Amino acid sequence: MTRQPRGYEITISKKEKLQADSIFIAIPYQEIVPLFRGDAVFEQMGEIPAASVATVAMVFPKDAVEEDIKGSGFVVSRNEDFSMAACSWIHRKWPHTVPEDKILLRAFVGRRKEESIVDLADKAIEETVLSDLNRIMKINQPPEFTTVTRWRNSIPQYTVGHEHRKEAIYSEFKQSYPGIFAGGASFEGVELSECVRQAKSGVTSILNFLKN
């Protein structure tokens, strides 16, 4: 990305170039630093640690779970002796996505400094998650199918001072890179709803910039 007399020129795949009056950046922070190489404010982003995680989606017949729990999921303290970090009852959170006679559970494994499980084979991860789940509820059948998806270095770990660094970056955009805005998991939260909120806010900022 290079600054132009008006706006910016972006080089994308196959060296294709695009012209832009305004840009909203929502890529992982590791990819942002090279765009502003030489600017010390952005170099700090390279110091943000990240965790690798895996999501484990498992589908069961409805009668496979004999002892269920209330609610739509849970998170697990890192002080507990579990490999899972969290689990969601997708069939409860979004009933329209799952047939009435099925149960869909989505577990998360992997934490900062506890990421070796992400490198295990799919079957080993499935067995570990099932073992954890059976300590909380009673599942009498294996899943009909399981999908394991790995997300390496994908979850930013906001360390002490993150808010200050984030505001410094936003200020640098405003002063040195007018028309550039940013958001997403690298800045203000990894949850989907939070990323959507940031996207909406970014669109508003871009429209206001273009109007002015």
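Note that the coordinates shown come from a computational prediction; the quantities given were computed from them, not determined experimentally.
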Under 4.5 Å between any side-chain heavy atoms of V148 and E126, yes or no? no

For residues Y8 and Y177, establish whether the separation of their ring centroids is below 6.0 Å. no

Look at atom CD of E100 and say whether more than 12 heavy atoms of other residues, nucleotides or ligands are closer to it than 6.0 Å. no

Less than 4.5 Å apart, side chain to side chain, heavy atoms only: is that true for Q175 and V41? no

Rounded distance (nearest 0.5 Å) linking atom CZ of F60 with atom NZ of K102: 11.5 Å

When you look at T149 and R106, which way does the side-chain hydrogen bond (donor to acceptor under 3.5 Å, both in side chains) test go after all the steps? CA-CA 11 Å; T149 305; R106 184 180 63 185; over 6 Å; no

Whether over 12 other heavy atoms sit under 6.0 Å from K174 NZ: no

Would you confirm whether H91, through its side chain, and P99, through its main-chain N or O, come within 3.5 Å as a donor-acceptor pair? no

Flag yes if I206 and I10 sit in one hydrophobic cluster, no otherwise; membership is Ile, Leu, Val, Met, Phe, Trp, Tyr, and two members link when side-chain heavy atoms are under 4.5 Å apart. no

Output for pair (S22 OG, L210 CG), nearest 0.5 Å, gives 5.5 Å

Considering all heavy atoms, the nearest V190-I155 contact: CG1-CG2, 4.3 Å

Can you tell me how far the CE atom of M84 sits from the CZ atom of R111, to the nearest 0.5 Å? 9.5 Å

Side-chain donor/acceptor of T128 to backbone N/O of A124, under 3.5 Å: yes

Can you measure from CD (E127) to CG (D122) and round to the nearest 0.5 angstrom? 11.0 Å

Just do the side-chain hydrogen bond (donor to acceptor under 3.5 Å, both in side chains) check on Q157 and T159 with the steps written out, would you? CA-CA 6 Å; Q157 307 294 292; T159 55; over 6 Å; no

Minimum heavy-atom separation for Q30 to N153, with atom names? NE2-O, 3.2 Å

Applying the side-chain contact (heavy atoms from CB on, under 4.5 Å) test to I103, which of V98, I139, V65 qualifies? V65

Output, in order, the C-alpha distance, side-chain angles, deciding distance and verdict of side-chain contact (heavy atoms from CB on, under 4.5 Å) for E31 and I25. CA-CA 10 Å; E31 305 299 326; I25 296 175; over 6 Å; no

Is a side-chain N or O of E115 found less than 3.5 angstrom from the main chain of S52, in a donor-acceptor match? yes

What about the rings of F36 and F173, do their centers lie closer together than 6.0 Å? yes

So how far is it from T146 OG1 to L130 CG, rounded to the nearest 0.5 Å? 6.5 Å

Please answer whether the main-chain N or O of G189 pairs with a side-chain N or O of Y158 as donor and acceptor at a distance below 3.5 Å. yes

Okay, side chain of Q198, backbone of G184: is any donor-acceptor separation there less than 3.5 Å? yes

Please find the pair of heavy atoms, one from V118 and one from G110, that lie closest to each other, and give the distance. CG2-CA, 4.2 Å

To check you understand the geometry: which heavy-atom pair defines the closest contact between V33 and F42, and what is its length? CG2-O, 3.5 Å

Could you state whether V109 and F74 fall into the same hydrophobic cluster, counting links through intermediate Ile, Leu, Val, Met, Phe, Trp or Tyr residues with side-chain heavy atoms under 4.5 angstrom apart? yes

Would you call D132 and F82 a side-chain contact if the rule is heavy atoms closer than 4.5 Å? yes

Scanning both residues in full, the closest heavy-atom pair of F24 with G202 reads CE1-CA, 3.5 Å

Distance, nearest 0.5 Å, that separates CG of L105 from CE of M137: 6.0 Å

Under a 3.5 Å distance rule, please check whether D21 uses its side chain to pair with a backbone N or O of G179 as donor and acceptor. no

Can you tell which of T11, I12, I23 makes a side-chain contact (heavy atoms from CB on, under 4.5 Å) with L18? I12

Please determine whether the number of non-hydrogen atoms from other residues, nucleotides or ligands lying under 6.0 Å from atom CG of D101 exceeds 12. yes

Could you report the tightest heavy-atom contact between P156 and A185, atom names first, then the distance? CG-O, 3.5 Å

